[in-house]
2 protein chains.
Amino acid sequence: MTNAGDPARTIALLWRDESAIPRKGPRRALTLDQVIGAAIEVADADGLDALTIRRVAQALNTSPMTIYTHVPGKAELLDLMVDAVYAHLSRTATTGQPWRARLTAVAQDNRALFQDHPWLTTVSTQRPVLGPGAIAKYEHELAALDGHGLTDVQLDDCLTYLLTFVHASARTAIEAQAVRQATALTDEQWWASAGPLLARVLNPADYPLATRVGEAAGQAHQGAYDPDHMYEFGLARLLDGLAPLLDRTP
Amino acid sequence: MTNAGDPARTIALLWRDESAIPRKGPRRALTLDQVIGAAIEVADADGLDALTIRRVAQALNTSPMTIYTHVPGKAELLDLMVDAVYAHLSRTATTGQPWRARLTAVAQDNRALFQDHPWLTTVSTQRPVLGPGAIAKYEHELAALDGHGLTDVQLDDCLTYLLTFVHASARTAIEAQAVRQATALTDEQWWASAGPLLARVLNPADYPLATRVGEAAGQAHQGAYDPDHMYEFGLARLLDGLAPLLDRTP
DNA sequence: ACAGTACTCCGTACTATGTACAGAGTGCCA
DNA sequence: TGGCACTCTGTACATAGTACGGAGTACTGT
């Protein structure tokens with residue numbers, strides 16, 4: 001989805017390169033930031049599916065094609081949206097604290113970002129968006145890992161590993177919520193409808209572990225995946241896994 | 001995307017419930033499995049975006065609307081596709097081996113699955129597809145974790161944690177590849193185009209860590225994220241993180 | 001045997017979306 | 001003051017999912 005078209009144009013837009021701004025023609029009624037802001041509002045409110053050029057234009061009281069005078073296409077608009085929310089990421093200061101606290105804060109900040117902008121879990125961000133927001137975020141997060149004798153490559157590895165985890169667990173959480181809304185069924189209702197049917201076709205003796213564990217997990221998390229629990233559990237494992245690398249220099 | 005519509009209908013389809021098969025009307029020219037198979041072939045070859053009802057119909061030499069006599073809609077078709085590929089997952093036998101080997105095998109099997117069916121990383125699988133393939137997969141994978149004194153809930157937690165990791169890292173790998181194909185640029189070409197521009201707008205002094213580490217990581221992985229390296233690194237950390245839970249009973 | 005009816009198959013058509021194109025108007029620069 | 005680069009906008013096209021309805025088919029109860 002992201003990163004289509006001319007990289008030069010995208011980078012000029014991301015960094016608001018003055019030299020790329022045309023000097024002729026009528027005064028524009030909107031700024032780029034207004035377009036990006038409107039797009040983010042739409043996506044925050046109704047998700048990526050609802051993010052259409054027409055919808056953004058409507059929010060800005062203009063015509064769809066006007067959007068294209070600010071942005072080459074939808075893919076570039078997404079890149080700009082991503083960088084904009086990265087720029088506003090809350091960056092908890094944790095200098096001097098132990099590494100577990102610092103990494104927990106980084107994870108927490110990212111988790112909050114995904115909660116505020118659920119669509120962010122959905123956009124592909126390969127060939128990472130190289131805007132000022134993204135770079136600043138990277139700088140801040142690397143700082144949380146610095147000073148433990150890691151090589152530069154390891155620094156990047158550890159951070160990527162952490163962010164991948166937060167991304168994935170946020171994605172799961174958001175998806176669960178989205179499905180619930182889309183279906184307009186609570187998990188209990190869904191199970192009430194699907195459960196009996198499943199019982200008719202599924203023979204527990206064929207899948208002893210699956211039925212036992214599935215039931216136990218379902219009970220424990222009241223009928224569904226529990227995103228908060230998954231996050232807590234995963235983060236604890238993740239930090240334990242990094243300990244051998246980070247506990248050398250305190 | 002997935003899990004829309006009537007859960008009862010979906011489950012009946014997933015389990016090929018005989019009692020849900022109509023007894024009247026003309027003999028059908030296609031079986032459900034043919035439809036699913038054709039859909040999987042399309043998605044394997046050209047990705048989820050290319051998976052359209054019209055395309056599946058074409059592959060089966062029939063009309064688009066005929067597909068709808070087999071499947072209520074595209075969402076249900078996706079559920080069926082997911083369960084079908086789960087059913088064919090390679091299940092490496094590892095009974096008796098140490099837990100690290102067993103979990104590595106589970107991860108590897110899933111990784112291979114994602115490589116064979118890249119679209120699988122993209123489909124939302126919340127409110128997990130409860131078909132025979134998915135359950136059999138769950139049963140097999142739980143077995144790899146069983147016998148270390150974990151509670152049922154912990155069993156589920158650990159497995160989910162592992163699968164989330166494999167899913168996320170596969171997703172990153174696939175996305176990187178997809179972008180490369182879509183852009184028709186190699187990473188070197190892309191950087192050649194974007195690099196100089198970036199150098200003009202980005203002041204390295206503002207982001208010392210980011211530029212240093214970014215460059216080091218870029219060099220080490222020859223210009224881009226290296227999915228294989230990310231997977232190896234992540235899996236090692238992941239197993240280290242699970243060790244405190246699993247090393248108690250051998 | 002025969003009607004009724006619940007199916008399958010499929011052409012048509014509606015809606016939504018990204019975006020190309022072209023025309024009209026506007027304001028900087030030589 | 002002309003010219004041209006640019007903005008704004010209406011129209012239009014291609015591609016989706018899928019609702020609808022009609023024609024034909026085969027199982028069911030009489």
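Because only heavy atoms are used, hydrogens play no part in the values below, and waters and symmetry mates are left out as well, while side chains stay in. Note on naming: letters A, B, ... go to the chains in the order of the sequence lines (proteins, then strands), and numbering restarts at 1 for each one.
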For [X], answer base if it contacts any base atom (sugar-phosphate contacts may also be present), sugar-phosphate if it contacts only those atoms, and nothing otherwise; contact means non-hydrogen atoms under 4.0 Å.
X: A/Leu51; result: sugar-phosphate
X: A/Thr66; result: base
X: A/Arg27; result: sugar-phosphate

| Side-chain heavy atoms of A/Thr172 within contact of B/Thr160, under 4.5 Å |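 No; the side chains remain at least 4.5 Å from each other.
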| message | Within the 4.5 Å heavy-atom criterion, are B/Asp44 and B/Asp116 side-chain neighbours or not? | response |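 Result no, sub-4.5 Å side-chain heavy-atom pair not found.
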Rounded to whole Å, how long is the line connecting atom [atom1] of [X] with atom [atom2] of [N]?
X: A/Glu76; N: C/dG18; atom1: CD; atom2: C1'; value: 12 Å
X: A/Leu78; N: C/dG18; atom1: CG; atom2: C1'; value: 13 Å
X: A/Leu48; N: C/dG18; atom1: CG; atom2: C1'; value: 15 Å
X: B/Leu60; N: C/dC9; atom1: CG; atom2: P; value: 11 Å
X: B/His70; N: C/dC7; atom1: NE2; atom2: P; value: 14 Å
X: A/Tyr68; N: C/dA22; atom1: OH; atom2: C1'; value: 17 Å
X: B/Ile67; N: C/dT8; atom1: CD1; atom2: P; value: 13 Å
X: A/Ile53; N: D/dT9; atom1: CD1; atom2: P; value: 15 Å

| Other residues, nucleotides, ligands: >12 heavy atoms within 6.0 Å of B/Gln115 CD |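 Yes, CD of B/Gln115 has more than 12 neighbouring heavy atoms, counting only those of other groups under 6.0 Å.
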Does OP1 or OP2 of [N] have a side-chain N or O of [X] closer than 4.0 Å?
X: B/Thr69; N: C/dC9; result: yes
X: B/Lys24; N: D/dA26; result: no
X: B/Thr52; N: D/dT15; result: no

| task | State plainly whether the residues B/Asp228 and B/Arg111 are in salt-bridge range, i.e. N to O under 4.0 Å. | result |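 Salt bridge: yes.
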| Starting at the 5' end of DNA chain D, which residue's closest nucleotide do you reach first, B/Pro26 or A/Pro22? |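 So the residue in question is A/Pro22.
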| task | Tell me which of B/Met65 and B/Arg23 sits closer to the 5' end of DNA chain C, going by the nucleotide each one is nearest to. | result |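 Its nearest nucleotide being more 5', the pick is B/Arg23.
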| request: Evaluate the ring planes of A/Tyr231 and A/Phe165, with Trp represented by its six-membered ring, and classify them as parallel (under 30°), tilted (30 to 60°) or perpendicular (over 60°). | output: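 The rings of A/Tyr231 and A/Phe165 lie parallel, inter-plane angle below 30°.
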| D/dT18 base to B/Arg54 side chain: any donor-acceptor pair below 3.5 Å? |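 Yes, a donor-acceptor pair under 3.5 Å.
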